[in-house]
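Read the structure below first, then the notes.
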Amino acid sequence: MLRAVLSRELLRHDPERVRAALTARNGDPDLVARWLALDEQRRAAIGAVEEKKRDRNAASQKIGELKRKGDNADEAIAAVSRLKGEIEAEEGQLAAVEGELSSLELTLPNLPHESVPVGADESANRVERVVGEPPRFDFAPQAHWDLGPRLGILDFERGAKLAGARFTAYFGAGARLERALIALMLDLHTGEHGYREVLPPFMVRGESLVGTGQLPKFEADLFKVEAHDLYLVPTAEVPLTNLHREEVLDEAALPVRYTAYTPCFRAEAGSHGRDVRGLIRQHQFNKVELVQLTTPAQSYAALEELTGHAERVLQVLGLPYRVVSLSTGDLGFASAKTYDIEVWLPGQDAYREISSCSNCEDFQARRANLRYRPHRPDGGGKPALLHTLNGSGLAVGRTLIAVLENCQQADGSVLLPPALRPYMGGLERITAA
RNA sequence: GGAGGGGUGGCUGAGCGGUCGAAAGCGGCGGUCUUGAAAACCGCUGGCCCUUCACGGGGCCCGUGGGUUCGAAUCCCACCCCCUCCGCCA
């Protein structure tokens, strides 16, 4: 099936806007001209084929009538046969054009929202707010890659022994802390923020990844189980957003709010040499995800709300952070607007991304055919595309890093935030085993 | 892994290869009736694409993709999904 990625209406009627958006995103603006040419070819081909089909259908019907009356239909049959050959040839051409068009469309990124700061990269990101104060230490704070092994709760060597670089084994209070964080986040989002908890498959088919935008362009970032033609999920955004693929939801059911814990698997292609130490960049990490499906009118309010839900986790844990609005050049492929939440990490002396909250508008909805039926007094209302939003709430491994580094004490122990203690069986402090 | 059964419109469920995008029922919407509601009766009630200022016209869709045929929901092939039984298994 041919599926547009950006709205074809928009491409046809306001190509300048798309060209400008592509430029702002460091994309190739010439793709718009190519698209317009292919679209023109496609429509011409459709017109030609359908005209012949109309003739063929009329003629075929006549054959039925002749035969029913017992008349000779040989002549009519011969005529239809000729048409058939022509139709097949033209359909072949049409299919070729459509194939080209849709491969091009699948590589076009979403258009940035007008409120997104324009810039080539992360240096143009806009800091929206800074919350909490970085802790002051009267000793030199350790990075988690020193702290964790000293406490006996993180083992990078043995993780590598099992699976190679970028895999880690957690022990004792470290393993439990990861589990505690997952439980705390899920409880918060289900109990206070109105999300429904989902436990989705951790592997998905290619269609789902096309739906959310990882495929076909970013295959290299994914782990694939080749023998079974399945991919490990790079984020719960994929299964959650695809749950209602090919469905038409009732407007009364909106907004749909889902939260899920899943491990995430990323090949981290092209990031060799970056964040090689510690837990920051792993091939496998845990994440609690937030997803919302909303009407177009609600989606930007929902983005603010969803970002607030993710922030709430850091507030409950007492961790300092800031929120930045990503610039056009730093925006993800599917996103129209993204807030990154960056937590303060004393071991790096920097704010680091711990959550990314995006409004994809109808970009994923168009790929995944996610629709709703608008409520109207007369009961009518054509199905319309939903808006999809997703955000980490939060990346669990990085939250564990933030707890270790921000709550470390002079003696090398970690004083746990009070909100976490019930989830740790009452444990107040992690000390060397 | 082996054997069998099945996927039709929002739902249930018919459908000798030709006027079937598809009977019927349910549901939904509108109307008649009613003070109002229910009941009864009447009418309407899928999606995508192309074209048109519009009215309208056309093409495609009966799990998906191919094939046979002048013509396929109906026949053939492959795949996907669901169900039953056997095997295996946390």
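Chain letters run A, B, ... following the sequence lines, proteins first and then strands; every chain starts at 1.
Using C1' as the reference atom, B:G6 and B:A73 are 15 Å apart when rounded to the nearest Å. For the P atoms, the distance from B:A40 to B:G59 is 40 Å, rounded to whole Å. Here the separation of B:A38 from B:G57, taken at their P atoms, is 36 Å to the nearest Å. One C1' atom belongs to B:C60, the other to B:C53, and the distance between them is 26 Å to the nearest Å. For the C1' atom pair drawn from B:C33 and B:C42, the interatomic distance equals 11 Å after rounding to whole Å. Spacing of P atoms, B:A37 relative to B:G30, comes out at 11 Å, to the nearest Å. Separating the C1' atom of B:G15 from that of B:C29 is a span of 28 Å, rounded to the nearest Å. As rounded to the nearest Å, B:C62 and B:A72 have C1' atoms that lie 11 Å from one another.
A donor-acceptor distance shorter than 3.5 angstrom exists from the side chain of A:T107 to the backbone of A:L104, with no hydrogens or angles considered.
Taking the six-membered ring where tryptophan is involved, the planes of A:H193 and A:H189 are tilted, since the angle between them lies from 30° to 60°.
A salt bridge between A:E50 and A:K53 is absent, with no side-chain N of the basic residue lying under 4.0 Å from a carboxylate O of the acidic one. A salt bridge does not link A:D229 to A:R205: none of the charged nitrogens lies less than 4.0 Å from a carboxylate oxygen. For the pair A:R352 and A:D275, the salt-bridge criterion is met [side-chain N within less than 4.0 Å of a carboxylate O].
Rounded to whole angstrom, the span from the CD atom of A:E91 across to the C1' atom of B:C60 amounts to 10 Å. To the nearest angstrom, P of B:C81 lies 12 Å from CZ of A:R245. The NZ atom of A:K84 sits 10 Å away from the P atom of B:G67 (whole-angstrom rounding). Taking atom NZ on A:K52 and atom C1' on B:G57, their separation rounds to 19 Å, with Å as the unit. One interatomic measurement links the two molecules: OH of A:Y372 to P of B:G46, which rounds to 20 Å at whole-angstrom precision. At whole-Å resolution of the value, CG in A:N369 and P in B:C61 are 18 Å apart. A straight line from CZ of A:R373 to C1' of B:G46 spans 8 Å, rounded to a whole angstrom. A:D229 has its CG atom 10 Å from the P atom of B:C80, to the nearest Å.
When ring centroids are compared, A:H387 and A:Y300 stay outside the 6.0 Å threshold.
The closest side-chain heavy-atom distance from A:F265 to A:F285 is not below 4.5 Å.
Of the candidates B:C60, B:G59, B:G71, the closest approach to any side-chain atom of A:R56 belongs to B:C60.
A close approach under 4.0 Å does not occur between any side-chain nitrogen or oxygen of A:N57 and OP1 or OP2 of B:G71. Distances shown here put a side-chain N or O of A:K382 below 4.0 Å from the OP1 or OP2 atom of B:G47.
Side-chain N/O atoms of A:E219 and A:Q214 include no donor and acceptor closer than 3.5 Å.
Map A:S81 and A:R205 each onto its nearest nucleotide of RNA chain B; the residue landing nearer the 5' end is A:S81. Both A:E88 and A:R371 sit near RNA chain B, but only A:R371 has its closest nucleotide nearer the 5' end.
In this view, A:Y258 and A:H244 satisfy the ring-ring contact (aromatic ring centres under 6.0 Å, His included) rule, not counting sequence neighbours.
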What protein N or O atoms touch nucleotides 50-55 of chain B N or O atoms at under 3.5 angstrom, if any, and at what distances?
from: B:C50; atom 1: OP1; to: A:R12; atom 2: NH2; distance (Å): 3.0
from: B:U51; atom 1: OP1; to: A:R43; atom 2: NH1; distance (Å): 3.2

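Around CZ of A:R429, the count of heavy atoms belonging to other residues, nucleotides or ligands within 6.0 Å exceeds 12. Residue A:K161 places its NZ atom among 12 or fewer non-hydrogen atoms of other residues, nucleotides or ligands, all under 6.0 Å distant.
Where RNA chain B pairs in unbroken runs of 3 or more (Watson-Crick or G-U, both distances under 3.5 Å), the stems are B:1-7 with B:80-86, B:10-12 with B:24-26, B:27-32 with B:40-45, B:46-51 with B:56-61, B:63-67 with B:75-79.
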